[in-house]
Novice: 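Okay, handing you the structure first.
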Amino acid sequence: MTMTTTKTKTTDNPMIRTLTHTASGACCQIHETGATVLSYKDSSTKEWLFLSRDAVLDGRKAVRGGIPLVFPIFGPSPDGSTMPQHGFARVNKWTFNEASSSATDTAESASCIYTLDSGTAVAGRGTGNPWEAGGSVLASAQLLLKVEIGASQLKTTLTMTNTGESSSSGCFDFQALQHTYLAVDEHAANNGDQCWVQGLEGYTCTDKVDDSKTGAVHGKDNIVLVGEVDRVYAPPNGKNECKVKVGVGSGRTLQLAATAVVNGESQPVSTVVWNPAAAKAAAMGDFGSDQFVSMICVEPGLLSAASLEVGQSAVLEQTLSQV
Ligand code: TA6
């Protein structure tokens, strides 16, 4: 692997690159599988992201932690399709863009770019869907992730472009989400005073653990983690941007802001809050069974119906910052 000009360097694992912001010392690590940001350490070397101690980092499966990218489906595939849960973006090797003109290292930030062309995706396309390799209806997209870091900010911008030839493939429907795993200090995920989500007032909840709570409109109270939590919060009409504060232990608070634009038009961003709790953590081979107390997933996504015509693009941008 040649040294690049983007202040990135490979680590012991050649699939992982380190991006450094020279001016502040902040740095992040990115795995080529799924262009998954594994780690972001701010200028004080504080780690903001959670990565399971049992995460698989040899490219065989999606990374359990960091910021896996979910595309073109969120959740299990619809009937008839065999595409794995959360789609193919996070399970394929993305290309680091060596010559990327945006690879910069200035006083404010450092950045780099990874890309994936759906036609080169060898995993996770499944059958019975427009992404099926050699299928009759072939959708094609270029995915581009720009990772930008500063002293105490991590921005991940996912751009999705319909690269189909109008003759061979047309419009496709999609969902996209940044499956962000935040680290929680002092094993405090189940301590509502230390770990919480604030800012989803007026959002409508879909509760995948307790269906009786589905449809409720969230009030002013903080969302806290009691047992397994797996909820999708859809914004009220007119509130497209996601902007939440997250308590991450030790009295620290992060802000997570996210926007979505499809073909130039702002779209509503839903927010997923997830913690597997003990039983589900133990059932996942790549999740340290006692580590559920050290993480909270807060995941901004474009989950309402969206589609791209040939040549159109969508952008899902997430910014994590210190409050
Ligand atoms: O984060 C929300 C969610 O959809 C949960 O339902 C849970 O399945 C989680 O994603 C992890 O999914 P994964 O396919 O990465 O094991």
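Order of listing sets the numbers, starting from 1, for every ligand and every atom in it.
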Novice: As a quick check of understanding, evaluate side chain to side chain contact (heavy atoms under 4.5 Å, CB included) for Asn240 and Thr259, giving each step before the final call.
Specialist: CA-CA 7 Å; Asn240 285 354; Thr259 57; over 6 Å; no

Novice: Run the numbers for me: atoms of ligand 1, each under 4.0 Å from some heavy atom of His86, listed by number.
Specialist: 3 (C), 4 (O), 10 (O), 12 (O), 14 (O)

Novice: Any idea which protein heavy atom is nearest atom 5 (C) of ligand 1, and the distance to it?
Specialist: Asp230 OD2, 3.2 Å

Novice: Would you give the length of the straight line joining atom SG of Cys297 to atom CG of Asn275, rounded to the nearest 0.5 angstrom?
Specialist: 8.0 Å

Novice: Below a 4.0 angstrom heavy-atom separation, can you tell me which part of Arg231, side chain or backbone, both or neither, approaches ligand 1?
Specialist: neither

Novice: Any idea which atoms of ligand 1 are less than 4.0 Å away from a heavy-atom of Lys208?
Specialist: 4 (O), 6 (O)

Novice: I'd like to check Asp230 versus Lys280 (side-chain heavy atoms, cut-off strictly below 4.5 Å). Are they in contact?
Specialist: no

Novice: Between Phe50 and Tyr181, how do the two ring planes meet: parallel, tilted or perpendicular, split at 30° and 60°?
Specialist: parallel

Novice: Taking the basic N atoms (NZ, or NE/NH1/NH2) and the acidic carboxylate oxygens, is any pair closer than 4.0 Å for Asp207 and Lys213?
Specialist: no

Novice: For ligand 1, is there an N or O atom under 3.5 Å from any N or O atom of Arg64?
Specialist: yes

Novice: What residue and atom, counting heavy atoms only, is the protein's closest point to atom 9 (C) of ligand 1, and at what distance?
Specialist: His179 NE2, 3.6 Å

Novice: Could you check whether any heavy atom of Arg90 sits closer than 4.0 Å to an atom of ligand 1, since that is the contact criterion I want to use?
Specialist: yes

Novice: Measure up the His86 and Phe74 rings against each other and bin them: parallel (under 30°), tilted (30 to 60°), perpendicular (over 60°).
Specialist: parallel

Novice: Is there a nitrogen or oxygen of Tyr181 sitting under 3.5 Å from a nitrogen or oxygen of ligand 1?
Specialist: no

Novice: Checking a contact table here: which protein heavy atom is nearest atom 8 (O) of ligand 1, and how many Å away?
Specialist: Gln85 NE2, 3.2 Å

Novice: Could you tell me the residue and atom name of the protein heavy atom closest to atom 1 (O) of ligand 1, and the distance to it rounded to 0.1 Å?
Specialist: Glu299 OE2, 2.6 Å

Novice: Could you check Arg53, Lys61, Arg60 and say which one makes a side chain to side chain donor-acceptor pair (under 3.5 Å) with Asp286?
Specialist: Lys61

